[in-house]
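Before any comments, here is the structure.
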Amino acid sequence: MDISTLKKEARFAIKEHFGTVIGTMVLFVLISIMFNLLIGQNVVQNENGSYMLTVGGFILSIVMTVCELVLAAGVTNTIVKVSSNEKCGPTEFINHSVKHIFKILAIYFRIFIKALVVCVALFILLLLTTALLMYVFNLTEPVVKIVSTILSMLILLALILVILPYSFSFIILSESPKEKTKDIIKASKALFKGNAIDYLIVLLSFIGWFILYLVAITVIYYFVAIGTLPGIIYNLFQYVPTVFITPYIIATQYAFFEDAYAVKRTESKKDSKPEEVKE
């Protein structure tokens, strides 16, 4: 699987349906901004000067998170469609999200439970290790903090590795919407198996874009801080990865999925061929 070929296919698909892709991402961002504005109206200042959400704001933030996750699955569906050269409009992601909302939530729930089990187990291990270092080996607090930080990073890495096998779930849902949730999860995990390293390399190939973004937003923040640029420029620039980089990543994921699925299907056909009868 050549990364440059996968990315070339992704860029071609986005270019051919640029209006739909950008329209979809802008609409997604506008919905997100609307939620953030509503949440901002439910922030109160305490006596000590700090800010906190009201109960209504907290509930609204949960609703926003759920809605954005569901709509993100709809965005994946739109990118899959344009990558397959199917015609669809900028609002297609909303239609898909509403139509398959329960199945989308069920997929997220299954992934969340699997991640939660691992997270709890590793967190308990972190606490036990920290206690062991402090009270048994009597290590100094700075050393314990360093070890705890390293273990926390390893926990985060472990969670990522737990979630990654289900990366193709919403692509599979888009292509097979009648498929059962458990079968979608199982199919994604099966496709990831044997392609894990290649898939990780593909994802890591986008690091350069995020480094470029971090440099750009740091420069913009500096100019905003000294008053050369208005603050709204910094706020809007935060959505640049969502609008421009996210579709590129999803389209590349789909190209990878298509390639991996084609290889797996070919291998399955070879394995299913009956042995030749010896004379």
Side-chain angles (χ1 to χ4, degrees), residues 1-29 31 68-104 106-108 111 164-181 183-196 198-199 201-203 205-206 209 241-269:
M1 298 177 185
D2 183 38
I3 296 177
S4 61
T5 303
L6 296 177
K7 288 188 171 183
K8 186 178 180 180
E9 292 177 8
R11 289 194 299 269
F12 179 78
I14 292 172
K15 184 180 178 181
E16 289 293 300
H17 303 272
F18 188 76
T20 298
V21 173
I22 294 301
T24 297
M25 301 315 299
V26 168
L27 187 55
F28 178 81
V29 164
I31 293 172
E68 287 187 343
L69 286 173
V70 173
L71 290 173
V75 168
T76 297
N77 173 70
T78 296
I79 303 301
V80 167
K81 283 185 177 296
V82 299
S83 297
S84 302
N85 203 30
E86 294 183 33
K87 289 185 178 181
C88 60
T91 59
E92 172 62 28
F93 79 104
I94 298 176
N95 297 333
H96 178 83
S97 300
V98 172
K99 185 176 180 179
H100 302 287
I101 183 170
F102 295 111
K103 189 167 286 188
I104 292 170
I107 292 172
Y108 275 124
I111 297 173
L164 273 180
Y166 310 106
S167 300
F168 305 119
S169 297
F170 296 110
I171 293 176
I172 296 171
L173 174 63
S174 179
E175 295 213 316
S176 306
K178 293 183 180 180
E179 198 79 31
K180 292 182 179 179
T181 304
D183 294 330
I184 290 173
I185 293 287
K186 191 182 296 183
S188 178
K189 191 174 182 179
L191 192 63
F192 183 81
K193 188 177 181 180
N195 295 300
D198 291 330
Y199 184 61
I201 293 173
V202 169
L203 293 181
S205 69
F206 288 96
W209 285 101
T242 303
V243 176
F244 295 103
I245 302 177
T246 298
Y248 187 21
I249 294 175
I250 296 174
T252 305
Q253 282 180 311
Y254 180 69
F256 182 93
F257 168 83
E258 286 281 275
D259 199 349
Y261 183 74
V263 171
K264 186 175 181 180
R265 186 169 49 189
T266 302
E267 291 175 351
S268 299
K269 286 182 179 180

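Count residues from 1 along the sequence. Heavy-atom basis, side chains included; hydrogens, waters and symmetry copies ignored.
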Can you give me the closest heavy-atom contact between [X] and [Y], atom names plus distance?
X	Y	result
I172	I184	CD1-O, 3.9 Å
P247	M25	CG-CG, 3.4 Å
T78	C88	CG2-SG, 4.0 Å
P90	G23	CB-C, 3.8 Å
S167	S188	N-OG, 3.7 Å
A251	A10	CB-CB, 3.5 Å

*What do you reckon, are the aromatic ring centroids of Y248 and F206 less than 6.0 Å apart?*
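Yes, close enough.
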*Is the gap between the ring centers of Y199 and F168 under 6.0 Å?*
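Y199 vs F168: aromatic centres under 6.0 Å.
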_Go through it in stages, so that I can follow the logic: the residues are Y108 and F170, the test is ring pair (Phe, Tyr, Trp, His ring centres under 6.0 Å), and I'd like the CA-CA distance, side-chain angles, deciding distance and then a yes or no._
CA-CA 10 Å; Y108 275 124; F170 296 110; 4.8 Å; yes
With a 4.5 Å limit on heavy-atom distance, are the side chains of [X] and [Y] in contact?
X	Y	result
N195	F256	yes
E92	N95	yes
T252	L203	no
I94	I31	yes
I3	D198	no
Y166	I107	no
H17	N85	yes

*Given the rule in the side-chain contact (heavy atoms from CB on, under 4.5 Å) test, do L173 and T76 qualify, once you have shown the distances and angles that lead to the verdict?*
CA-CA 10 Å; L173 174 63; T76 297; over 6 Å; no
*What do the steps show when you test I171 against S174 for side-chain contact (heavy atoms from CB on, under 4.5 Å), and what is the final call?*
CA-CA 5 Å; I171 293 176; S174 179; 5.6 Å; no
*Under the salt bridge (Lys or Arg N to Asp or Glu O under 4.0 Å) test, which residues partner K103, sequence neighbours left out?*
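Checked K103 against salt bridge (Lys or Arg N to Asp or Glu O under 4.0 Å); zero matches.
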*With sequence neighbours left out, what residues match E16 under salt bridge (Lys or Arg N to Asp or Glu O under 4.0 Å)?*
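If we apply the salt bridge (Lys or Arg N to Asp or Glu O under 4.0 Å) test to E16, skipping adjacent residues, there are no hits.
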*Could you verify whether a donor N or O on one side chain and an acceptor N or O on the other, from E175 and Y254, lie under 3.5 Å apart?*
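Yes, because at least one side-chain N or O of E175 sits under 3.5 Å from a partner of the opposite role on Y254.
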*Examine the side chains of S205 and K7 and answer whether a donor and an acceptor come within less than 3.5 Å of each other.*
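On atom types as modelled, these side chains qualify, holding a pair under 3.5 Å.
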*Does the side-chain hydrogen bond (donor to acceptor under 3.5 Å, both in side chains) test come out yes or no for H100 and N77, once each step is laid out?*
CA-CA 11 Å; H100 302 287; N77 173 70; over 6 Å; no
*Measure the CD1-CD1 distance between I250 and I14 for me, rounded to the nearest 0.5 Å.*
9.0 Å
